[in-house]
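Since the structure comes first, as structure tokens, the remarks are kept for the end.
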Amino acid sequence: MDTSSHENFPQLNTVEGFYFDTRNTISAYAELETINQVMQRCSYYNDLLSKTVPGSDVWKINHAGGEPVQVSAHTLQILQTAASVSEASQGAFNIAIGQAVGLWRFKDQQPRLPDPQALADAVARADYRKIELDGDLVRVPADMQIDLGGIAKGYIADCIADELRELGVTSALLNFGGNVITIGGKPDGSAWQVGLQTPAGKRGADFWAAVPSRDSTVVTSGMYERGFDIDGVRYHHILDPRTGWPIQNGLLTVTACTKSSLLPDVLTTAIFVLGAEAGMQLAHQFGVQAVLLFKDGKVTYSSGLDIVFVRPKD
Ligand code: AMP
Ligand code: MG
């Protein structure tokens with residue numbers, strides 16, 4: 001190993017930013033100013049893709065009353081990827097469930113279940129095949145809403161990583177709400193180690209496994225991310241598009257590893273909905289390696305995946 005090669009690297013700097021309703025970090029061997037500049041670009045993507053920002057592409061689509069809306073190339077690419085995984089997963093991934101997602105008030109102080117009839121009505125209208133893409137125009141029926149919560153962060157993480165690369169950054173680790181991307185390896189030539197968060201453990205401190213990563217992504221979806229407990233039942237944010245209720249299939253987290261982040265972000269959500277067997281098949285169909293952690297502690301992962309298990313602390 002050439003130990004002199006990293007002497008000219010700037011020190012490791014970390015910048016945090018709260019966007020897309022989540023905490024995002026960029027750690028890079030780069031000047032703080034460069035990292036800050038790129039992190040601030042998140043506002044642009046937030047204002048483009050958030051369904052709650054009036055005037056965003058998603059807001060316009062959801063408020064067009066069934067009329068076509070002109071959108072950016074970013075939004076089109078996301079919608080095209082969503083359509084392909086929706087098709088491949090037979091609707092397990094379904095961005096048309098916007099109304100059902102909106103009925104779950106995960107951020108309310110007092111946890112409350114949605115009205116079952118309202119939920120059933122919302123999913124009955126949620127047909128991803130009715131999202132029409134025509135050039136740069138998008139049309140959804142007036143009684144349907146889209147939600148990009150399961151896909152947008154992956155796309156944005158890819159864009160932000162590209163912007164860092166364009167500014168000459170060659171060594172960085174980004175974490176956008178569970179979408180981890182690495183640029184290069186570490187300056188000493190070793191790979192970054194991406195920890196897989198222990199669901200019940202301390203955020204950013206307790207990991208049950210680690211995946212080495214170099215110019216690649218490690219994306220995790222988990223039922224511990226967002227949700228509430230009522231009478232011992234965990235109601236979380238990954239919904240069964242057929243019912244509108246959170247998926248309860250024994251899975252705790254799903255991690256997918258590949259080159260860029262958009263596809264694994266979609267796939268982790270889809271795999272969570274499909275469950276172990278069909279989920280693993282979907283991952284392999286898209287050439288992505290996956291790790292599934294079950295509530296009972298069991299783990300399944302793609303053969304050939306480089307993963308290191310961390311011994312639980314005594
Ligand atoms: P993720 O953390 O990437 O798994 O995404 C979860 C988010 O995706 C939720 O907070 C919802 O906004 C959205 N979502 C929930 N269930 C689904 C689903 N079955 N298909 C597509 N998006 C979903
Ligand atoms: Mg996702």
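Indexing begins at 1, ligand by ligand and atom by atom, following the structure's order. Sequential numbering from 1 along the given sequence is applied to the chain's residues.
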For [X], look at atom [atom1] and say whether over 12 heavy atoms of other residues, nucleotides or ligands are found less than 6.0 Å away.
{"X": "Gln90", "atom1": "CD", "answer": "no"}
{"X": "Arg112", "atom1": "CZ", "answer": "no"}
{"X": "Arg139", "atom1": "CZ", "answer": "yes"}

Query raised in the report: Taking the six-membered ring for Trp, are the ring centroids of Tyr224 and His236 within less than 6.0 Å of each other?
Result: no

Report task. List in chain and number order the residues that pass side chain to side chain donor-acceptor pair (under 3.5 Å) with Glu16, two or more places apart in sequence or in another chain; answer none if no residue qualifies. Result -> Arg23

Less than 3.5 Å apart, which donor and acceptor atoms pair up between the side chains of residues 269-289 and the rest of the protein, not counting sequence neighbours?
unit_1	atom_1	unit_2	atom_2	d
Thr269	OG1	Asp265	O	3.2
His284	ND1	Met280	O	3.4
His284	NE2	Ser302	OG	2.9

Query raised in the report: If you leave out waters, which protein N, O or S atoms are less than 2.8 Å from the Mg ion (ligand 2)?
Result: Gly150 O, Asp265 O, Asp265 OD1, Thr269 OG1

Report task. Please check if the side chain of Asp108 supplies one atom and the backbone of Pro111 the other of a donor-acceptor pair under 3.5 Å. Result -> no

Requested in this report: List, ordered by chain and residue number, the protein residues whose closest non-hydrogen atom lies under 4.0 Å from any atom of ligand 1.
Outcome: Ala92, Phe93, Asn94, Ile97, Val101, Asp147, Gly149, Gly150, Ser221, His237, Ile238, Leu239, Pro241, Asp265, Thr269, Val273

Query raised in the report: Is the closest side-chain heavy-atom distance between Thr255 and Thr268 below 4.5 Å?
Result: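 A side-chain contact under 4.5 Å is absent here.
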
Query raised in the report: Do the side chains of Thr243 and Val123 get nearer than 4.5 Å, heavy atoms only?
Result: no

